[in-house]
Amino acid sequence: MNISEILTEWYEIHKRNLPWRGIENPYFIWISEIILQQTRVSQGWNYYEKFISRFPDISALANASEDEVLLLWQGLGYYSRARNLHHTAKHILKYFNGIFPNRYETLIKLKGIGEYTAAAILSFAFKKPFPVVDGNVNRVISRFFGVTEPVDLPDVRKKIYILAKNILNEKKPDIHNQAIMEFGALQCVPQNPDCANCPLQSGCVAFSKNCVEKIPAKKPKKEVENRYFHYFFVKQNEKTFIRKRQESDIWRNLYEFPLLETEKNLSETEIFDSQEFKKLFPDFSKFTILNISQIIEHQLTHQKIFTRFYEISLSQNFANSYFFENFKNIDFAEISDFAVPKLIENYLKN
DNA sequence: GAATCGTGGCA
DNA sequence: TTGCCAAGATT
């Protein structure tokens, strides 16, 4: 048996039963692939169910507002995926009459669809012979063929793509692709793989050279940057204030409370004394501190955010024009209608 | 082409 | 506690 046959045989025995498994509708395939980018199955599962339930077809998604799409995406992370998903749904409806493209050259131009996702849609939905190379495939191939260079280097990626293409079963690209990905996810796992019971053991270069744990190699990682946030949960009557993040930064197009960001981790006193604070709240007499939280640490891939939440109450006659021009004034109960970062969602729970 | 974009689970 | 990294794409 060749490697594809071994993987397929293994797959038929060990495959998980997943909501998108066996689906051929390219729209559903697309939704599942975007949700699962850099995301574990267990984390994406419920989001997939929510999405296809609320947006059963491409026009339902295209006709929704971006805010609603982001709200459904809230908590899943990498929010550009949701923005691109929505943008591309509108594009397909407008320019392709709602018909999902089935050519690589067309798919690859759509926002949010890269080489992997295009190949996944083409093979799963249209049975076309394109090899998928995701993190799982990367690991299986680099170990089996003994690729010791860092797999995140462009030249090494090309090399692995060619290897993936060479072993592809062109007659059953859908089964082959799902088999090799599932194999990476369940058998050829990153840490402590069970090589003693692996059907690819005899041909695996990494196993024969006893370097399975060293492959796939990765480039050294950049140090994470520390950031210091000070959020103001402002209460005035039964209302509060939020704004939409529109900068090219984390959490783009999500909502948040009035925010001061500082270079260092300033104390409460230092915040209250700062010019930036006085710009937000010029009249301290109309201002009551209800609660100040501990410093909450929120870890992102390249950043660690240290945040303190200030719960404050404004008297009725506080009417700073700056505030009302820059923030949306909403009822407390309305907060759940807006997509917010997990950091704020967690705070609001308590 | 390197840097950037979230969150959660696990060892 | 910390690091790893997961059905990657964009700029």
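Naming: A, B, ... by sequence-line order, numbering from 1 per chain.
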Return the set of residues passing ring-ring contact (aromatic ring centres under 6.0 Å, His included) with A:Phe323 (not counting sequence neighbours), or none when no residue passes.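 In terms of ring-ring contact (aromatic ring centres under 6.0 Å, His included), with neighbours along the sequence ignored, A:Phe323 is linked to A:Phe241, A:Phe281, A:Phe318, A:Phe327.
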Scan residues 182-229 of chain A for pairs that pass ring-ring contact (aromatic ring centres under 6.0 Å, His included), counting only residues two or more places apart or in two chains.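 The answer is A:Trp10-A:Phe183, A:Tyr228-A:Phe306, A:Phe229-A:Tyr231.
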Between A:Leu76 and A:Leu153, who's closer to the 5' end of DNA chain B by nearest nucleotide?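 Its nucleotide being nearer the 5' end, the pick is A:Leu153.
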In Å, rounded to the nearest 0.5 Å, how long is the span from OG1 of A:Thr8 to NZ of A:Lys172?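 If we round to the nearest 0.5 Å, A:Thr8:OG1 and A:Lys172:NZ are 7.5 Å apart.
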Check whether A:Asn291 reaches the backbone of A:Glu311 with its side chain - one donor and one acceptor, N or O, closer than 3.5 Å.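 Such a contact is absent between A:Asn291 side chain and A:Glu311 backbone.
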A:Ser274 (side chain) donor-acceptor with A:Phe272 (main chain) under 3.5 angstrom: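 Here the side-chain-to-backbone pair does not exist.
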For chain A, the stretch of DNA chain C it reaches, first to last nucleotide, under 4.0 Å of its heavy atoms: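 So the outermost contacting nucleotides come out as C:dC4 to C:dT10.
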At under 4.0 Å, does any side-chain N or O of A:Lys222 touch on OP1 or OP2 of B:dA2?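 For A:Lys222, the contact criterion (side-chain N or O under 4.0 Å from OP1 or OP2 of B:dA2) is not met.
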Would you jot down, in residue-number order, the residues of residues 296-306 of chain A having a non-hydrogen atom under 4.0 Å from DNA chain B?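 A:His298, A:Gln299, A:Leu300, A:Thr301, A:His302, A:Gln303, in order of number.
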Report which part of the nucleic acid A:Gly184 touches: base, sugar-phosphate, or nothing (heavy-atom distance under 4.0 Å, all strands).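 The answer is nothing, as A:Gly184 stays clear of every strand by at least 4.0 Å.
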Hey, can you pull the residues of residues 32-50 of chain A with a non-hydrogen atom under 4.0 angstrom from DNA chain C?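 Under 4.0 Å from DNA chain C: A:Glu33, A:Leu36, A:Gln37, A:Gln38, A:Arg40.
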Check each residue of residues 106-114 of chain A for a non-hydrogen atom within less than 4.0 Å of any atom in DNA chain C, then write out the ones that pass by number, or none.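 Only A:Leu110, A:Lys111, A:Gly112, A:Ile113, A:Gly114 qualify.
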